[in-house]
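Here the structure is laid out as structure tokens; the discussion comes afterwards.
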There are 2 protein chains.
Amino acid sequence: MPKVVDPEARRREVAEAVFRVVRRHGLDQASLRNVAAEAGLAIGSVRHYFADHDELLRFALEELTDRLERRVLAHVARARSATTRDERVRAVEDLLGELLPLDPDRRDESEIWLAFTTAARTRSTLRPAARRLHEGMRVLVGKVLAESGVPDAGVETERLTSLLDGLAVNGVLHPDLTTPDVMRAVLRRHLASLVDG
Amino acid sequence: MPKVVDPEARRREVAEAVFRVVRRHGLDQASLRNVAAEAGLAIGSVRHYFADHDELLRFALEELTDRLERRVLAHVARARSATTRDERVRAVEDLLGELLPLDPDRRDESEIWLAFTTAARTRSTLRPAARRLHEGMRVLVGKVLAESGVPDAGVETERLTSLLDGLAVNGVLHPDLTTPDVMRAVLRRHLASLVDG
DNA sequence: AATAACCTAGCACGGATGTGCTAGAAAGAG
DNA sequence: CTCTTTCTAGCACATCCGTGCTAGGTTATT
């Protein structure tokens, strides 16, 4: 028998390499060769774990989705257990802040999210995964608003979803203008305007 | 002397070809060969008007900026001449709506904008032009808010700018969910919440 | 120690890309 | 008609890409 290697762990390692390449040089540059080099593997090794270049990118996007989902779900539990209204508002703020590039880790994730999401427009094999990610975020925002008793959930869900996406985009593309402090202030203002009516 | 050809007009024609390719297949596919084929020219002809592949893309982005600017400026004049408050609100709505993919033409423009803007993150030669485009939009939004007497212009400018960008992104990437009607409703709601306080 | 299974490495092919050059076509000026 | 300048077309080269294959290495079990 061969050297025992957890194949799923390997796949995740390769996905990490994809993320680093995408972050530094863009999704175009996430070729098998570049990713293999970044992962410290031979191109043949990468292809042993992924049948296809497409499958590699698809897996990376799903990996990103999983990670985001896990992080957000932890906050959901915390938000539900909030007692005072102030505590609850703060919990919602933190929860939605997980979707913004507020610190280096989340900034990395947002950069990767933006690259994959926009690429999915013309790369049809990425569309289903990108779609699931978007819908997940959308229903999350919808639930948060509904549970907070905000009326007119349809329009407000779209408004908050698009605001968060726009903040993430500008936080990634123009970090000197859309700084973490600015993003937090905008999010706080928006939430306040929702509860005040 | 040769066949007289207005070189600027030719450059703009080629830029149009770039737009069509980007819209259909993404910025990655806007190679000299693909663009030349789309424009019905030989690759050598395209290179006669553009020294570089970089220069071609840069020119296309600047062309997009010019076009957008021209369209928006027309609305600015109209908004300034509004008399009643109702008329003014509607003018502002139309003005900002020019930045959203509300009809096929603007949808095309938004798709191209998104492709170039996000590509500028890793393609350094596109950054200056993308930056100017973003700042132009930002000061426009700032002026609109200031002239409408909205307080706290800093945060509100960022909030509305990011909302518009987010709507454009989702209008392009998820047109079945973020439909023109939804975008209009969101924009209207946001503007209303600003003037009511 | 021998075997069999898994993993790694890499060659080879066809295709695409940007760019440097060169040859020729088109058409107003003399 | 002829010259001269502008424009068009396209070849050639080095580089990178995804993928089909194959050969070699590594190691737990027998």
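Order of the sequence lines sets the chain letters (A, B, ...), proteins ahead of strands, with each chain counted from 1. Remember, it's a predicted structure, so these values are computed and weren't measured experimentally.
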Distance in angstrom units between [X] [atom1] and [N] [atom2], rounded:
X: B:Arg123; N: C:dT17; atom1: CZ; atom2: P; value: 12 Å
X: B:Leu41; N: D:dC7; atom1: CG; atom2: P; value: 13 Å
X: A:Phe50; N: D:dT19; atom1: CZ; atom2: C1'; value: 16 Å
X: A:His48; N: D:dT22; atom1: NE2; atom2: P; value: 16 Å

**Report entry** Sequence neighbours excluded - ring-ring contact (aromatic ring centres under 6.0 Å, His included) pairs with any residue from residues 118-146 of chain B
**Finding:**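 Found A:His174-B:His134.
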Requested in this report: Take the C1' atoms of the five end pairs on each side of the helix from C:dA1-D:dT30 to C:dG30-D:dC1, get both axes, and report the angle to 10 degrees.
Outcome: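 Here the local axes at opposite ends form an angle of 10°.
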Between [X] and [Y], is there a side-chain N and carboxylate O pair less than 4.0 Å apart?
X: A:Asp52; Y: A:Arg58; result: no
X: A:Arg11; Y: A:Glu63; result: no
X: A:Arg20; Y: A:Asp108; result: no
X: B:Arg10; Y: B:Glu13; result: yes
X: A:Glu147; Y: A:Arg80; result: yes
X: A:Glu16; Y: A:Arg67; result: yes

**Report entry** Out of D:dG18, D:dA9, D:dC7, whichever nucleotide has its closest atom nearest the side chain of A:Leu32
**Finding:**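 Of all the options, the side chain of A:Leu32 is nearest to D:dG18.
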Query - Sub-4.0 Å heavy-atom contacts from residues 51-61 of chain A onto DNA chain D, ordered by number - result: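 The answer is A:Asp52, A:His53.
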Query raised in the report: Does anything in residues 12-31 of chain B reach DNA chain D, meaning a heavy atom under 4.0 Å, and if so which residues?
Result: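 Residues of residues 12-31 of chain B under 4.0 Å from DNA chain D: none.
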**Report entry** salt bridge (Lys or Arg N to Asp or Glu O under 4.0 Å) partners for A:Arg71, two or more places apart
**Finding:**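 For A:Arg71 the salt bridge (Lys or Arg N to Asp or Glu O under 4.0 Å) partners, ignoring immediate neighbours, are A:Glu98, A:Glu109.
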Report task. Using salt bridge (Lys or Arg N to Asp or Glu O under 4.0 Å) as the criterion, point out the one residue from A:Arg88, A:Arg78, A:Arg184 that pairs with A:Asp94. Result ->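 Between A:Asp94 and the candidates, salt bridge (Lys or Arg N to Asp or Glu O under 4.0 Å) is satisfied uniquely by A:Arg78.
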Query - Greater than 12 external heavy atoms within 6.0 Å of B:Arg90's CZ - result: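 It does not: B:Arg90 CZ has 12 such atoms or fewer within range.
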Requested in this report: Please check if any side-chain donor atom of B:Arg131 sits under 3.5 Å from a side-chain acceptor atom of B:Thr117, or the reverse.
Outcome: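 Distance-only check fails for B:Arg131 and B:Thr117.
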Requested in this report: Report yes if at least one side-chain N or O of A:Ser45 is closer than 4.0 Å to OP1 or OP2 of C:dA9; otherwise report no.
Outcome: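 Yes, A:Ser45 has a side-chain N/O under 4.0 Å of OP1/OP2 on C:dA9.
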Query raised in the report: Can you find a side chain N or O atom of B:Asn34 that sits less than 4.0 Å from OP1 or OP2 on C:dA16?
Result: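 B:Asn34 to C:dA16 OP1/OP2: no side-chain N or O under 4.0 Å.
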Query raised in the report: Is there a donor N/O on one and an acceptor N/O on the other, under 3.5 Å, for the side chain of B:Arg47 and the base of D:dG10?
Result: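 Such a pair does not exist between side chain and base.
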Query raised in the report: Relative to each other, are the rings of A:His190 and B:His190 parallel, tilted or perpendicular (30° and 60° limits)?
Result: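 Ring orientation, 0 to 90° scale: parallel.
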Shorter than 3.5 Å, N or O on both sides, protein versus nucleotides 11-14 of chain D: list them out with atom names.
none

Query - Any A:Leu140 side-chain heavy atom under 4.5 Å of A:Lys143 side chain - result: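 Counting from C-beta outward, A:Leu140 and A:Lys143 never come under 4.5 Å.
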